[in-house]
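Everything below concerns the one structure shown next.
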Amino acid sequence: MKPAACMLNAIGAIAMVLASFAAAAADPNDTELIKRGQYLATAGDCVACHSVTGGKPYAGGLGLPTPIGSIISTNITPSKTHGIGNYTLAQFSDAMRRGIRADGERLYPAMPYTSYAVITDEDMAALYAYFMHGVTPVDEAPPATSLPLPFNIRQSMAAWNLLFLTEKPFQADASKSEEWNRGAYLTRGLAHCSTCHTPRNFMMAEDISREFAGGEVGTWHAPNISPDPNSGIGGWSTEEITRYLRTGHAANKAQAGGPMAEAIDHSLRHLTEDDLRAIAVYLKSVPAMHDDADTRPAYAWGAPADDFKSIRGVPLPADLNLMTGPQLYDAHCATCHQAQGQGSADGGLPPLFHNAALGRSNPNNLVMVILEGVHRQLEPAELRMPGFAETLSDTQVATLATYLTQTYGNPQVKVSAEQVKSLRAGGEPSKLVVLARAGIAAGFIILLGLILFFWTWRRRKSSRT
């Protein structure tokens with residue numbers, strides 16, 4: 001067959017495949033495709049960002065904190081007035097993979113389209129089918145996102161995409177197992193693990209050179225999940241990682257709180273055991289990322305300890321901000337975590353030693369758990385630990401957190417009242433807005449200088465002639 005004919009046949013075959021995807025995605029009676037799309041949407045944890053507590057699923061309105069301000073999630077129900085009900089499959093794919101809405105406006109990468117870019121055509125069609133025919137339309141418009149200048153200029157994201165977006169669907173590695181490839185596809189794509197667990201550069205793009213080395217999610221710290229034995233999860237077995245992804249608990253190692261607990265409750269616990277294991281297998285294979293501050297695994301610190309003798313018969317100070325760590329522990333923690341920090345016998349209330357939350361060099365998560373508690377979004381909702389934001393002052397939280405790390409965790413870690421105050425208020429304000437505006441001002445001044453230079457040069461040239 002001639003090359004031209006081969007090319008035409010290939011183009012025809014591709015067109016037929018894409019047409020079949022589009023036809024299948026548009027068929028409201030294809031229950032299997034819709035069901036598959038629902039599973040994929042669950043793997044992508046779409047409901048977590050596009051729903052508010054007590055609100056309707058996928059109706060948007062949730063404020064996502066970022067260093068440049070709060071980005072409000074959109075309505076992604078099939079509403080034809082306020083949702084995506086008028087999107088074609090191609091437009092849906094552009095939004096998912098390229099961050100471009102049907103009206104041509106750009107999405108902010110708080111929507112992890114940089115990860116979703118690897119989704120295959122087949123899975124994209126299934127997702128489209130689910131959102132068009134498996135989700136209840138909600139004819140309500142969430143508030144609009146309002147970011148400061150220059151970040152309110154959405155088209156500026158086109159330049160950001162040129163630098164940081166790779167539009168390349170997943171390609172299986174033939175040298176790896178089917179399980180590894182499935183794990184790579186889920187981890188890098190729908191589960192978008194790197195979105196939280198990879199540090200960001202000054203332009204808020206993932207620093208791929210430090211992939212999975214840990215990142216910041218608002219006031220929470222997403223820890224290193226590379227296979228480094230000290231900084232990451234190198235000491236976790238595949239079975240422990242799988243169990244943690246399903247339950248949020250790994251005995252004598254860690255328990256989920258904050259955004260990770262939400263990801264497990266909304267998404268990961270609903271995945272098949274095979275898919276969770278595939279993610280674990282893949283994570284164990286990525287390059288290890290080490291931090292010199294980590295001299296042993298976070299879960300390897302601490303031992304049972306009891307300091308109650310130091311406070312027996314000692315009255316509380318008139319100024320409760322002067323309470324000692326043992327006094328605060330006795331008043332607020334010992335009932336559940338027991339006198340020596342050993343937790344409950346069944347493990348439901350975890351021990352404080354051999355606990356990654358107290359062993360990490362970054363104590364933000366420990367402070368946030370003390371402030372907010374641990375709430376699991378199960379059915380019915382489950383409160384595993386109360387928060388003390390309304391009970392304890394910044395000084396008391398700092399004293400308690402430092403006592404916990406010194407006694408049961410990493411003794412090199414200390415928490416200050418200023419750090420607690422900052423986390424309570426939502427974290428340190430970002431300098432990105434100031435830097436961006438300074439850059440624009442500098443560029444404007446340079447442009448004016450160039451204009452003045454050429455204007456002066458032309459006047460001198462014309463005067464000579």
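FYI, side chains are in, hydrogens and waters are out, and symmetry mates aren't considered; it's all heavy atoms of this structure.
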Could I get the full list of ring pair (Phe, Tyr, Trp, His ring centres under 6.0 Å) partners for [X], not counting sequence neighbours?
X	value
Tyr116	His192
Tyr39	none
Trp160	Phe164
Tyr185	Phe170

What pairs of donor and acceptor atoms, side-chain ones from residues 308-319 against any protein atom, are under 3.5 angstrom apart with sequence neighbours left out?
from   : atom 1 : to     : atom 2 : distance (Å)
Ser310 : OG     : Asp307 : O      : 2.7
Asp319 : OD1    : Asn321 : N      : 3.0

Once you round to the nearest 0.5 Å, how far does [atom1] of [X] lie from [atom2] of [Y]?
X	Y	atom1	atom2	value
Ile225	Met289	CD1	CE	11.5 Å
Leu349	Met385	CG	CE	10.5 Å
Gln342	Asp306	CD	CG	9.0 Å
Met111	Thr195	CE	OG1	10.5 Å
Thr238	Arg243	OG1	CZ	11.0 Å
Ile370	Leu400	CD1	CG	4.5 Å

| Given the rule in the side chain to side chain contact (heavy atoms under 4.5 Å, CB included) test, do Tyr408 and Asn355 qualify, once you have shown the distances and angles that lead to the verdict? | CA-CA 8 Å; Tyr408 301 111; Asn355 189 322; over 6 Å; no
Pair [X] + [Y], salt bridge at N-O below 4.0 Å:
X	Y	result
Arg246	Glu273	yes
Asp265	Arg376	yes
Asp123	Arg36	yes

For the backbone of [Y] and the side chain of [X], can you confirm whether one donor and one acceptor N or O come within less than 3.5 Å of each other?
X	Y	result
Glu239	Ser237	no
Gln396	Leu320	yes
Ser79	Pro137	no
Ser231	Asp228	no
Glu206	Arg200	no
His354	Tyr299	yes
Thr395	Ala417	no
Arg154	Arg106	yes
Thr198	Phe212	yes
Thr219	Gly426	no

I want to check something: taking the side chain as every heavy atom from C-beta on, are [X] and [Y] in contact at a cut-off of under 4.5 Å?
X	Y	result
Pro169	Thr120	no
Pro142	Ser73	no
Gln419	Asp394	no
Pro304	Phe353	yes
Tyr108	Thr145	yes
Leu64	Cys49	yes
Tyr329	Leu352	yes
Leu268	Leu271	yes

| said: Pair Phe131, Tyr87 - check ring pair (Phe, Tyr, Trp, His ring centres under 6.0 Å), show working. | reply: CA-CA 10 Å; Phe131 279 104; Tyr87 275 53; over 10 Å; no
Under a plain distance cut-off of 3.5 Å, with no hydrogens placed, do [Y] and [X] share a side-chain donor-acceptor pair?
X	Y	result
Glu216	His221	yes
Asn224	Ser226	yes
Ser93	Arg97	yes

Tell me every residue that passes side-chain contact (heavy atoms from CB on, under 4.5 Å) with [X], counting only those two or more places apart in sequence or in another chain.
X	value
Glu179	Ser177, Arg277, Ala278, Val281
Pro65	none
Val217	Cys196, Ala222, Pro259

| note | Contacts satisfying side chain to side chain donor-acceptor pair (under 3.5 Å) that involve residues 42-53 (not counting sequence neighbours) are none
| Where do Val118 and Gly189 come nearest, in terms of heavy atoms and distance? | CG2-CA, 3.4 Å
| field | Sole candidate of Val420, Thr402, Val415 that passes side-chain contact (heavy atoms from CB on, under 4.5 Å) when paired with Pro363 | value | Val415
| query | Can you check side-chain hydrogen bond (donor to acceptor under 3.5 Å, both in side chains) on Thr77 and Asn75, steps first, answer last? | reply | CA-CA 6 Å; Thr77 73; Asn75 181 333; 2.7 Å; yes
| Residues forming a salt bridge (charged side-chain N to carboxylate O under 4.0 Å, His left out) with Lys56, sequence neighbours excluded | Glu140
| request: Tell me, please, which residues at least two apart from Glu262 pass salt bridge (charged side-chain N to carboxylate O under 4.0 Å, His left out). | output: none
| request: Test side chain to side chain contact (heavy atoms under 4.5 Å, CB included) on Glu211 and Arg188 and set out the steps. | output: CA-CA 11 Å; Glu211 191 172 31; Arg188 293 186 172 279; 2.8 Å; yes
| remark: ring pair (Phe, Tyr, Trp, His ring centres under 6.0 Å) pairs touching residues 240-282, sequence neighbours excluded, are Trp180-Tyr282, Trp236-Tyr244
